[in-house]
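Note that the numbering runs from 1 along the sequence shown for the chain.
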Amino acid sequence: MNLPEFTKNLLSWNQFSNSRQMPWKGETDPYKIWLSEIILQQTRVEQGLAYYEKFISRFPKVQDLAMAQDAEVFKYWEGLGYYSRCRNLLATARWVAFENKGHFPPDYEGLLKLKGVGPYTAAAIASFAFGEPRAVLDGNVFRVLSRYFGINTPIDSLTGKKLYAQLAQALLPTDQPGAYNQAIMDFGAVVCKPQAPLCSACVQQTDCEAYRLGVVGDLPVKEKSIKKRTRYFYYFLLKWNNQYYVRQRGGGDIWQDLHEWVLIEQAEPLATDPSIYRNLLKKYLGTAKLKQLRVGEEVRQQLSHQTIIGRFITAELTIPLSTETGYQLLSPDALSKLAFPRFITAFSPRL
């Protein structure tokens with residue numbers, strides 16, 4: 001097979017120089033490949049690795065995941081964020097296990113029909129598990145191709161998406177699609193990195209247009225900038241009779257289906273004066289009768305589209321909250337079994 005120079009150099013690098021190790025590399029089990037890819041969506045490999053190993057240990061087969069209770073799976077997912085992925089994970093596992101006799105669709109088009117599986121994930125599973133010649137396109141691949149060929153067409157434009165898809169497919173060796181796909185993603189992660197790429201040691205340097213023109217740092221190009229907003233969350237850990245008030249978040253916002261303490265969101269940041277928070281409780285929950293109240297330091301979490309800034313306030317009530325507030329009382333033991341957003345698990349005071 002007459003391979004393009006780019007492809008030959010990449011496969012040679014992969015064979016002799018690629019030392020990147022991950023437990024799912026070389027895997028052909030579609031369940032494990034699918035699980036790893038869903039976990040790694042919007043997640044750094046370093047973080048996702050521990051979650052993957054935890055899931056495989058607890059749910060070694062797709063049937064094990066399909067039969068698990070939602071609450072348990074959400075607890076295992078806790079801290080990964082983007083919880084719609086977890087809902088799709090369960091929906092797909094149950095379809096595969098119960099509707100498709102435990103088998104994943106064996107081709108790209110069939111995989112695309114699974115919940116939470118887009119073109120990239122379908123191509124990854126199809127090539128790694130079934131040897132189908134489908135090129136993957138993720139951030140690493142966009143970056144490598146954009147720099148090597150000197151393409152300044154925005155990667156998030158319709159024209160750009162079509163152009164990169166055609167180019168990626170043209171470079172793919174049909175007899176080893178899995179090896180090539182893994183190689184180009186690894187190459188983008190460890191050599192052609194977003195920041196401080198290793199151009200001096202790059203096997204593609206001689207023919208790299210971005211390197212020749214001195215524009216490596218300018219590629220790839222995006223045409224759309226994400227509009228971000230800042231929100232101010234004030235969480236109250238309200239204790240009554242050795243139990244705490246929590247609720248499950250609804251749809252239409254971040255952290256759907258996860259649990260949280262009593263939340264009062266504000267349009268502006270608040271100072272540390274305890275009277276501010278007593279007044280908030282009175283205004284929104286109809287109570288300010290507290291034995292004690294402590295205001296924590298300001299903390300923040302950066303999400304993809306939002307910055308969450310807030311504080312955690314601990315207080316002991318002298319009378320319980322009204323049942324109309326939508327919060328329920330739970331013991332610390334019961335709370336330990338619930339899934340909370342990372343903002344809470346990372347910054348909330350220990351009970």
Side-chain angles (χ1 to χ4, degrees), residues 24 29-45 47-105 109-125 129 138 226 231 233 246-261 263 301-306 308 326-328 330 334-346:
W24 49 80
D29 181 345
Y31 168 64
K32 292 180 179 178
I33 297 167
W34 163 76
L35 181 61
S36 70
E37 294 297 343
I38 299 301
I39 287 175
L40 291 180
Q41 290 172 359
Q42 307 293 334
T43 300
R44 292 178 296 105
V45 169
Q47 180 188 11
L49 177 59
Y51 282 87
Y52 171 79
E53 292 177 337
K54 185 169 61 171
F55 264 83
I56 288 298
S57 175
R58 171 61 185 87
F59 313 110
K61 304 284 187 184
V62 69
Q63 291 86 351
D64 301 316
L65 181 57
M67 295 177 66
Q69 295 294 315
D70 288 16
E72 182 187 10
V73 178
F74 269 89
K75 187 64 178 175
Y76 269 77
W77 191 272
E78 185 179 69
L80 271 177
Y82 296 91
Y83 284 84
S84 60
R85 291 184 294 162
C86 190
R87 289 188 290 276
N88 290 335
L89 187 85
L90 281 166
T92 291
R94 287 164 182 166
W95 182 85
V96 169
F98 304 140
E99 305 295 327
N100 210 44
K101 300 180 180 179
H103 300 294
F104 277 80
E109 296 299 336
L111 291 162
L112 265 182
K113 297 176 182 177
L114 300 177
K115 270 198 169 185
V117 173
Y120 161 75
T121 304
I125 301 171
D138 71 348
I226 299 173
R231 300 172 71 179
F233 283 13
V246 293
R247 71 175 177 187
Q248 188 172 29
R249 288 180 64 86
D253 200 355
I254 57 174
W255 307 333
Q256 181 180 338
D257 295 333
L258 301 187
H259 292 78
E260 65 182 356
W261 310 121
L263 171 64
Q301 181 185 12
Q302 182 64 59
L303 307 179
S304 58
H305 300 168
Q306 304 180 32
I308 308 299
Y327 292 92
Q328 60 176 324
L330 292 177
L335 291 169
S336 69
K337 297 178 175 62
L338 302 180
F340 288 83
R342 183 169 178 76
F343 187 78
I344 291 179
T345 59

Closest approach of Leu114 to Pro105 (non-hydrogen atoms, all atoms of both residues): CD1-CD, 4.0 Å

Non-neighbouring partners of Ala123 that pass side-chain contact (heavy atoms from CB on, under 4.5 Å), sequence neighbours left out: Tyr108, Arg134, Val136

Give me the atom names and distance for the closest heavy-atom approach of Tyr327 to Trp261. CE2-O, 3.6 Å

Under a 4.5 Å cut-off applied to non-hydrogen side-chain atoms, are Glu109 and Leu112 in contact? yes

Leu40 side, atom CG; Arg85 side, atom CZ - distance, nearest 0.5 Å: 8.5 Å

Would you tabulate the side-chain donor-acceptor contacts of residues 71-81 under 3.5 Å, counting partners in other chains and residues two or more places apart, or write 'none'?
from: Glu72; atom 1: OE1; to: Arg58; atom 2: NH2; distance (Å): 3.1
from: Glu72; atom 1: OE2; to: Arg58; atom 2: NE; distance (Å): 2.7
from: Glu72; atom 1: OE2; to: Arg58; atom 2: NH2; distance (Å): 3.2
from: Lys75; atom 1: NZ; to: Glu78; atom 2: OE1; distance (Å): 3.3
from: Lys75; atom 1: NZ; to: Glu78; atom 2: OE2; distance (Å): 3.3
from: Lys75; atom 1: NZ; to: Ser336; atom 2: O; distance (Å): 3.2
from: Lys75; atom 1: NZ; to: Leu338; atom 2: O; distance (Å): 2.7
from: Trp77; atom 1: NE1; to: Gly81; atom 2: O; distance (Å): 3.0
from: Glu78; atom 1: OE2; to: Phe340; atom 2: N; distance (Å): 2.6

Determine whether more than 12 heavy atoms belonging to other residues, nucleotides or ligands lie under 6.0 Å from atom CD of Gln302. yes

For Arg231 and Ile308, indicate whether the former's side chain and the latter's backbone hold a donor-acceptor pair under 3.5 Å. no

One should read off an interatomic distance between Thr121 OG1 and Ile38 CD1, to the nearest 0.5 angstrom, of 5.0 Å

If you define the side chain from C-beta out and look only at heavy atoms, does anything of Leu111 sit under 4.5 Å from Trp34? no

Please give me the minimum heavy-atom distance between Ala97 and Ala66, naming the atom from each residue. CB-CB, 3.5 Å

Value rounded to 0.5 Å, distance of OH in Tyr83 from CG in Asn88: 14.5 Å

Distance-only donor-acceptor check, side chains Ser304 and Gln42, under 3.5 Å: no

With a 4.5 Å heavy-atom cut-off, do Phe59 and Met67 have their side chains touching? no

Going by distance alone, is a donor N or O of one side chain under 3.5 Å from an acceptor N or O of the other, for Tyr120 and Glu37? yes

For Leu335 versus Val246, what's the shortest heavy-atom pair and its separation? CD2-CG1, 3.4 Å

Quick one: does Ser57's side chain have a donor or acceptor within less than 3.5 Å of a partner on Lys54's backbone? no

Show your reasoning for whether side-chain contact (heavy atoms from CB on, under 4.5 Å) applies to Arg342 and Trp255. CA-CA 9 Å; Arg342 183 169 178 76; Trp255 307 333; over 6 Å; no

Mind checking the OH-CG spacing from Tyr31 to Leu65? Nearest 0.5 Å is all I need. 4.5 Å

Quick one: pull up OG in Ser84 and NZ in Lys115 and give me the separation to the nearest 0.5 Å. 10.5 Å

Which pair of heavy atoms, one from Leu263 and one from Arg249, lies closest together, and at what distance? CD2-NH1, 3.6 Å

Separation of Leu89 CG from Leu35 CG (nearest 0.5 Å): 6.0 Å

